[in-house]
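Worksheet: one structure, shown below.
Below, read A as the first sequence line, B as the second, and so on, with proteins coming before strands; counting in each chain starts at 1. Not measured: the values here are computed from a predicted model.
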Amino acid sequence: MSPTTRTSGESSNYEYVVARVRARRAALFDEDDYRKLVRMGTSEIARFMEETEYEREMNDLGARYSGVDLIEYALTRNMAKHFEDLLRWAEGGLYENVARYLRRFDAWNVKTILRGIYSGADAEAIESDLIKAGELTEATLDRLAAKESIEGVIEGLDGTIFHEPLEAALDDFEVEELLVPLENAVDRTFYEKLMEGLPDAQSADRATQLYLEFLRAEIDFRNLRNALRIARSGADIDPSEYYIEGGTLFDAEEVRQLAGDTDQLVDHVRDSEYGEDLEAAIDDLEAAADLIGFEHALDAALLEYADTLSYRYPVSITAVLSYILAKEREIDNIRAIARGRESGLGLDEIERDLVML
Amino acid sequence: MAQDVKPTRKNLMQIEDRIELSERGHDTLEKKRDGLIMEFMDILDQAQDVRADLEDTYEDAQERIDMARAMDGDVAVRGAAAALKEHPEISTQSKNIMGVVVPQIESTKVRKSLDERGYGVLGTSARIDEVAESYEKLLEQIILAAEVETAMKELLEEIETTKRRVNALEFTLLPQLNENKEYIEQKLEEQEREEIFRMKKIKANKEAAEKEEREAAREAEQAATQ
């Protein structure tokens, strides 16, 4: 991808990576751990974490942060460590497939750096918010965070997938003086590159076909979220501008037509291949216009789908993908519990709204 | 002090004029005070509603940001907030309520559409939209509360000032003027009585002198005839 990222022409080492991933997956928190956590206060959660997988990060960051901030930073650093390991272990095509999914963290980091520089934050503050789990190396990210201008960051990204789209969006940024075009360019690049270079569904083996299906579902769900958000906001935005190619749920023209009418959009989803999996969430969305609950359901559906794939083709990219999602979910769950307890949410509320056990 | 006033007719007339003016002013100020109090009661009701809405909106915004920090993470929420540098614009004009100048606050660019909030749509969630929306609403409520509560404060100050003026007229100036008037009237009456007494005395003296003259003339006449 760039001098800052690793390229590989070797053959894939699925057995080795999947074996290690299975071991790590087994060490993730289970339902009992979550049940214990939701009954703890924030300091008890921190103590509990010090006795688990997160011990090292909690100790390393203990001098800089405290309370729930310490928990949140420890969680993301631990996640970054695990995902870095995946990239270190994987070779050949497996590396490419893992890296293309983990570039979401590169996108996150690029956006965080752009936001930091835009708002005048110092390099140290920006670096603390980075999640070093993607392909961009720590040195590259630190160098980018130390840049003094947006243009400097874009220049520093030369050789990466984000450079050209950001340069193209720079004019809009300069006219509007808003980060929206740059952030959209970064996210759009990530999604568009997700399926680039993968074989056709017809010519691919069964595991790759399922991987493609998963990525398509991810893109479809992203398009669906965006269409619903735009429809709900009532803003004069052309939904097709935010449309990402690669999904099967709708094309750009359909999105333009459907985003104006939420009922039609919901009917379209109900009649699609996702209709059955999302039935309950669609009913809730229609009854209460609860978009957040619907997004929650989309996340749950994607997680469940990845999980199913990992059991069907245990020695393939799907097992790694399933682990990535499960690890992310663990981070989200622990953070949700800690933040929920910090803000005084009740036990039922946390269990119902925040944590998907 | 009544004793400091010269008890002259001119002063009495001046004091009477001042009393009349003060009584008229007192009536006008009383009416102004009552009018201001009525306006204040209206604004107080409005301010109580605005304050209650503000508290509800604040609680709602706080709840949403807590949920967003829990679900999307504190870093994501802070990041989305940092993606916008532009501040809302606030301008103040003034309006007049019964002579009291109160501010009228106009705000622009508080409510923003999805593509004006700075953060990208593709990489964020509906939860962030809801937080942004609820804080925009909160900011509007704060601006409204600032306008209404400042007007209330200005009205309250004016009511206090008017009340002090009414009281000063009612309990200090008018009693003092009336006292002065009474003092001058008493003094003038006294002077009048003295004048009458003096005139009577002069008249009596004059009559006595005339009587004496007449008696002396009679005696002289009697002496001449003998």
Side-chain angles (χ1 to χ4, degrees), chain A residues 68-69 72-73 75-76 104 107-108 111-112 114-116 118-121 128-129 131 177-188 190-191 222 225-226 228-230 232-237 241-242 244 291-292 294-296 331-332 335-340 342-345 350 353-354, chain B residues 55-90 107-140:
Chain A
V68 183
D69 287 343
E72 188 168 340
Y73 280 108
L75 288 169
T76 46
R104 65 165 59 232
W108 164 279
K111 284 189 294 179
T112 303
L114 290 173
R115 285 169 178 178
Y118 179 75
S119 63
S128 66
D129 287 349
I131 303 174
E177 292 185 353
L178 284 175
L179 280 180
V180 180
L182 297 180
E183 292 208 1
N184 284 339
V186 171
D187 288 318
R188 181 181 287 281
F190 163 70
Y191 282 109
R222 177 44 66 183
R225 280 166 197 246
N226 293 339
L228 284 167
R229 279 169 73 192
I230 290 169
R232 210 188 66 137
S233 78
D236 186 21
I237 302 173
E241 278 180 30
Y242 295 94
I244 301 160
L291 187 50
I292 290 171
F294 189 69
E295 284 196 344
H296 223 64
I331 301 304
D332 288 348
R335 184 188 57 221
I337 293 168
R339 289 274 175 213
E342 182 193 34
S343 51
L345 294 175
I350 294 173
D353 291 337
L354 303 178
Chain B
E55 278 167 18
D56 290 347
T57 315
Y58 174 74
E59 270 175 33
D60 179 59
Q62 198 57 40
E63 204 175 291
R64 283 176 199 275
I65 204 166
D66 284 343
M67 290 295 276
R69 288 174 76 207
M71 292 306 295
D72 292 5
D74 183 55
V75 177
V77 175
R78 276 193 289 110
L84 187 67
K85 262 199 307 198
E86 188 189 57
H87 293 292
E89 282 172 14
I90 289 174
S107 60
T108 48
K109 298 183 184 172
V110 175
R111 291 265 184 178
K112 291 184 165 55
S113 69
L114 193 56
D115 57 340
E116 292 172 335
R117 289 188 182 132
Y119 58 78
V121 176
L122 297 174
T124 49
S125 68
R127 212 175 279 279
I128 299 280
D129 296 345
E130 288 213 341
V131 174
E133 207 177 304
S134 58
Y135 269 86
E136 285 164 7
K137 196 174 161 197
L138 178 63
L139 191 53
E140 273 187 346

Using 0.5 Å steps for rounding, measure from the CG atom of A/D69 to the CZ atom of B/R69. 7.0 Å

The interface call for B/D129 against chain A, heavy-atom contacts under 4.5 Å, is side chain

If we count only N and O atoms by modelled type, under 3.5 Å, do the side chains of A/R229 and B/T124 hold a donor and an acceptor together? yes

Under a 4.5 Å cutoff for heavy-atom pairs, which residue among B/S125, B/S113, B/A81, B/A82 has the most contacts with chain A? B/S125

Considering all heavy atoms, the nearest B/M71-A/A336 contact: SD-CB, 4.2 Å

For A/F294, is it the side chain, the backbone, both, or neither that has a heavy atom closer than 4.5 Å to a heavy atom of chain B? neither

Measure distances from B/A76 to the heavy atoms of chain A and classify the residue's part below 4.5 Å as side chain, backbone, both or neither. both

Contacting region of A/F190 [heavy-atom separation from chain B under 4.5 Å]: neither

Would you give the length of the straight line joining atom OG1 of A/T112 to atom CZ of B/R78, rounded to the nearest 0.5 angstrom? 9.5 Å

B/A70 and A/G340: which non-hydrogen atoms are nearest, and at how many Å? CB-N, 4.3 Å

Heavy-atom cut-off 4.5 Å, strictly under: side chain, backbone, both or neither for A/I331 against chain B? neither

Which heavy atom in B/G120 sits nearest to a heavy atom in A/N184, and how many Å separate them? CA-OD1, 3.3 Å

Work out which heavy atom in B/D115 is nearest to a heavy atom in A/L178; give both atom names and the distance. O-CD1, 4.0 Å

Hey, could you give me the NZ/OH distance between A/K111 and B/Y119, rounded to the nearest 0.5 Å? 12.0 Å

Within 6.0 Å of NZ in B/K137, more than 12 heavy atoms from elsewhere: no

Using 0.5 Å steps for rounding, measure from the CE atom of B/M67 to the CD1 atom of A/I292. 7.5 Å

Segment of B/Q62 engaging chain A (4.5 angstrom heavy-atom cut-off): neither

Distance check, rounded to the nearest 0.5 Å: A/R222 atom CZ versus B/L122 atom CG? 7.0 Å

Looking only at heavy atoms, which two atoms of A/E183 and B/A83 are closest? And how far apart? OE2-CB, 3.8 Å

Any side-chain heavy-atom pair from B/L114 and A/Y242 closer than 4.5 angstrom? no

How many angstroms lie between atom CG of B/D66 and atom CD of A/E342, to the nearest 0.5 angstrom? 7.5 Å

Is A/D187 reaching over with its side chain to a backbone N or O of B/G123, donor-acceptor style, under 3.5 angstrom? yes

Where is the tightest heavy-atom contact between A/R232 and B/E130, given as atom of each residue plus distance? NH1-OE2, 3.0 Å

